[in-house]
Amino acid sequence: MNMYVSNLSFHTSEDDLRKMFEQFGAVSSAKVIMDRETGRSRGFGFVEMGADSDGEAAIKGLNGKDIDGRAMSVSVAREKAPRPTNKRW
DNA sequence: TATGAGCGA
């Protein structure tokens, strides 16, 4: 279960994401996307959980939750970019 | 340095 997490605050780390999602199950990976131009957070990230049932629980439990002043949004992620590098969808 | 609609290098 790969999930897309958006509306994060700019200083929320992937470790913060991992800790939050681990309340609902085992987290395989957690990533916060950084702006390649500025090196700063883009305010969204991805979390992958081993069990899809835990993923559903995490979405229900964390979607809309207020984290660091922002109501973060959690949903199922799309497929990763098929090709490497710079193409804006 | 940069910032807020969105899907990763």
Side-chain angles (χ1 to χ4, degrees):
Chain A
M1 171 64 76
N2 193 25
M3 285 163 291
Y4 172 66
V5 187
S6 61
N7 202 34
L8 300 171
S9 99
F10 291 135
H11 53 74
T12 299
S13 70
E14 57 192 42
D15 189 60
D16 295 325
L17 285 185
R18 175 180 287 271
K19 286 204 268 281
M20 291 186 290
F21 279 79
E22 274 176 348
Q23 301 173 89
F24 299 90
V27 174
S28 327
S29 67
K31 178 160 246 132
V32 168
I33 305 307
M34 307 298 268
D35 193 315
R36 196 167 134 305
E37 305 177 39
T38 68
R40 284 169 167 68
S41 172
R42 276 188 176 264
F44 69 93
F46 295 90
V47 175
E48 182 152 2
M49 301 186 77
D52 54 348
S53 56
D54 289 339
E56 297 292 346
I59 291 175
K60 290 188 179 70
L62 294 174
N63 187 32
K65 284 286 287 185
D66 184 85
I67 174 64
D68 199 41
R70 311 286 176 202
M72 74 171 181
S73 165
V74 184
S75 59
V76 180
R78 296 179 184 170
E79 189 175 321
K80 195 183 192 177
R83 289 183 225 289
T85 60
N86 24 313
K87 189 115 173 228
R88 196 101 268 178
W89 300 85

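In what follows, chains carry the letters A, B, and so on, assigned in the order in which the sequence lines appear, proteins first and then strands, with residues in each chain numbered from 1.
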Donor-acceptor list for residues 51-69 of chain A side chains, cut-off 3.5 Å, not counting sequence neighbours:
{"residue": "A:N63", "atom": "OD1", "partner": "A:V74", "partner atom": "N", "Å": "2.9"}
{"residue": "A:D68", "atom": "OD2", "partner": "A:S9", "partner atom": "OG", "Å": "2.8"}
{"residue": "A:D68", "atom": "OD2", "partner": "A:H11", "partner atom": "ND1", "Å": "3.4"}
{"residue": "A:D68", "atom": "OD2", "partner": "A:H11", "partner atom": "NE2", "Å": "2.9"}

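When rounded to the nearest whole Å, the span between CG of A:N63 and P of B:dC7 equals 16 Å. Between A:E79 atom CD and B:dA9 atom P there is a gap of 16 Å when expressed in whole angstrom units. One interatomic measurement links the two molecules: CG of A:L17 to P of B:dC7, which rounds to 17 Å at whole-angstrom precision. The interatomic distance linking A:R42 (CZ) with B:dG8 (P) rounds to 9 Å, in whole Å.
Glycosidic conformation of B:dG4 is anti; the angle lies outside 90° of 0.
The ring-ring contact (aromatic ring centres under 6.0 Å, His included) contacts involving residues 33-53 of chain A comprise A:Y4-A:F44, A:Y4-A:F46, where partners must be two or more places apart or lie in separate chains. Residue pairs meeting the ring-ring contact (aromatic ring centres under 6.0 Å, His included) criterion with at least one member in residues 17-41 of chain A: none, sequence neighbours excluded. For the side-chain hydrogen bond (donor to acceptor under 3.5 Å, both in side chains) condition, the pairs that include at least one residue of residues 15-29 of chain A, sequence neighbours left out, are A:S13-A:D16, A:D15-A:K19.
Among the candidates A:R78, A:M49, A:E48, A:E79, the single residue satisfying the side-chain contact (heavy atoms from CB on, under 4.5 Å) test with A:N2 is A:E48.
Set against B:dA9, B:dT1, B:dC7, the side chain of A:R78 has B:dC7 as its closest nucleotide. Distances from the side chain of A:S75 to the nucleotides B:dC7, B:dG6, B:dA9 place B:dC7 closest.
Taking side-chain N and O atoms only, A:R36 has no distance below 4.0 Å to OP1 or OP2 of B:dA9.
Residues A:T38 and A:E48 both approach DNA chain B. Their nearest nucleotides, taken by heavy-atom distance, put A:T38 toward the 5′ side.
Near-neighbour residues of DNA chain B inside residues 1-9 of chain A, defined by a heavy atom below 4.0 Å, number-ordered: A:N2, A:Y4, A:S6, A:N7, A:L8. For DNA chain B, the neighbouring residues in residues 22-35 of chain A, judged by any heavy atom under 4.0 Å, are A:K31, A:I33, A:M34.
Scanning both residues, A:A71 and A:N7, for their nearest heavy atoms gives O-ND2, 2.5 Å.
Salt bridge status for A:R40 with A:D35: absent, with no side-chain N to carboxylate O gap under 4.0 Å.
Stacking between A:F44 and the base of B:dG6 is absent under the criterion of ring centres within 5.5 Å and planes under 30 degrees.
In this structure A:R70 satisfies the salt bridge (Lys or Arg N to Asp or Glu O under 4.0 Å) test with no other residue, sequence neighbours excluded.
To the nearest 0.5 Å, the span separating CE on A:M72 from OG1 on A:T12 amounts to 9.0 Å.
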